[in-house]
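Written below as structure tokens is the structure these notes are about.
Basis for what follows: all heavy atoms, side chains included, without hydrogens, waters or symmetry-related copies. None of these values were measured; they are calculated from a predicted model. Chain naming here is simple, since letters A, B, ... match the order of the sequence lines and numbering starts at 1 in each.
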Amino acid sequence: MRKYWLFKSEPSVYSIDDLRKEKVAYWDGVRNYQARNFLRDEIKPGDLVLFYHSNAKPTGVAGIAKVVKAGYPDFTAFDPNSDHFDPKSKEESPTWFMVDVKFVEKFNMPVTLEKIKSNPRLSSMKLVQRGNRLSVMPVTKEEFDEIVRMSKE
DNA sequence: GCCAACGTTGGC
DNA sequence: GCCAACGTTGGC
């Protein structure tokens, strides 16, 4: 059973255009335990991902990606030269995980946070709930389909 | 750049 | 185990 997710990224760090160029990327640098659990345990090849641009103009869902590799250790945590280095994560018992995603589609127009907030069918999305800072979160199929539909308006 | 909302750290 | 201080996220 395919699942649906929303991944946040700051486009100044990694954007949907970067993914379109690279085709496939590893989703590294997640350093939150709840998000880690999703990456390690629940996100599987074939799952679809809303690629969300945070701290952007405008902020919103920029396109779609597909998971092509399930959770495996985030090796950037082992690299002292990486921005994401975490000395507490050991190779024999990794703390942090990542998945690989593949470019699927860039929306012609991003589905902005403003539009998401003003759509009553999306009012239960975790994204728009108060104080949510998760960078990897589940979305329902209905929410996913609604966002895709809005991208075509 | 500001700041609210969280998560994490570390002294006790 | 509590909780104040600190760091980060992310919208605005």
Original post:
Taking only N and O in the side chain of A:Tyr52, is any of them less than 4.0 Å away from OP1 or OP2 of C:dG11?
Top reply: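 For A:Tyr52, the contact criterion (side-chain N or O under 4.0 Å from OP1 or OP2 of C:dG11) is met.
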**OP:** May I ask you to evaluate whether A:Lys8 reaches the phosphate of C:dT9, defined as a side-chain N or O under 4.0 Å from OP1 or OP2?
**Re:**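 Checking C:dT9 against A:Lys8, no side-chain N or O comes under 4.0 Å of OP1 or OP2.
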Original post:
Between A:Asn55 and A:Asn132, which has a closest nucleotide on DNA chain B that is more 5'?
Top reply: A:Asn55
Interatomic distance where [atom1] belongs to [X] and [atom2] belongs to [N] [whole Å]:
X: A:Asn32; N: B:dC6; atom1: CG; atom2: P; result: 13 Å
X: A:Leu6; N: C:dT9; atom1: CG; atom2: P; result: 16 Å
X: A:Met137; N: C:dT9; atom1: CE; atom2: C1'; result: 11 Å
X: A:Tyr33; N: B:dG7; atom1: OH; atom2: P; result: 13 Å
X: A:Trp96; N: B:dG7; atom1: CH2; atom2: C1'; result: 10 Å
X: A:Lys126; N: B:dC6; atom1: NZ; atom2: P; result: 14 Å
X: A:Asp83; N: C:dG7; atom1: CG; atom2: C1'; result: 16 Å
X: A:Gln34; N: C:dT9; atom1: CD; atom2: P; result: 15 Å

**OP:** Just call it for A:Lys57: base, sugar-phosphate, or nothing, with non-hydrogen atoms closer than 4.0 Å on any strand.
**Re:** nothing
Original post:
Contact class for A:Leu127 (heavy atom, under 4.0 Å): base, sugar-phosphate, or nothing?
Top reply: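 The residue A:Leu127 makes no contact with any strand.
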Original post:
Ignoring hydrogens and angles, does a donor from either the side chain of A:Arg133 or the base of C:dT8 sit under 3.5 Å from an acceptor on the other?
Top reply: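 Yes, the side chain and the base share a sub-3.5 Å donor-acceptor pair.
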Subject >> Passing candidate, side-chain contact (heavy atoms from CB on, under 4.5 Å) with A:Lys8, options A:Leu127, A:Val136, A:Leu134 >> reply: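 Running side-chain contact (heavy atoms from CB on, under 4.5 Å) over A:Leu127, A:Val136, A:Leu134 with A:Lys8 returns exactly one hit, A:Leu127.
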Subject >> Lys NZ or Arg CZ of A:Lys69 over A:Tyr72 ring: under 6.0 Å, within 45° >> reply: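 The answer is yes, since A:Lys69 meets both limits relative to A:Tyr72.
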Original post:
Hey, are A:Glu142 and A:Tyr4 close enough side-chain-wise for a donor-acceptor pair under 3.5 Å?
Top reply: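 On atom types as modelled, these side chains do not qualify, holding no pair under 3.5 Å.
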**OP:** State whether A:Asp17 and A:Lys106 are salt-bridged, where the test is any N-O pair (Lys NZ or Arg NE/NH1/NH2 against Asp/Glu carboxylate O) under 4.0 Å.
**Re:** yes
**OP:** Walk me through it: do A:Tyr52 and A:Trp5 pass the test ring-ring contact (aromatic ring centres under 6.0 Å, His included)?
**Re:** CA-CA 10 Å; A:Tyr52 180 88; A:Trp5 307 92; over 10 Å; no
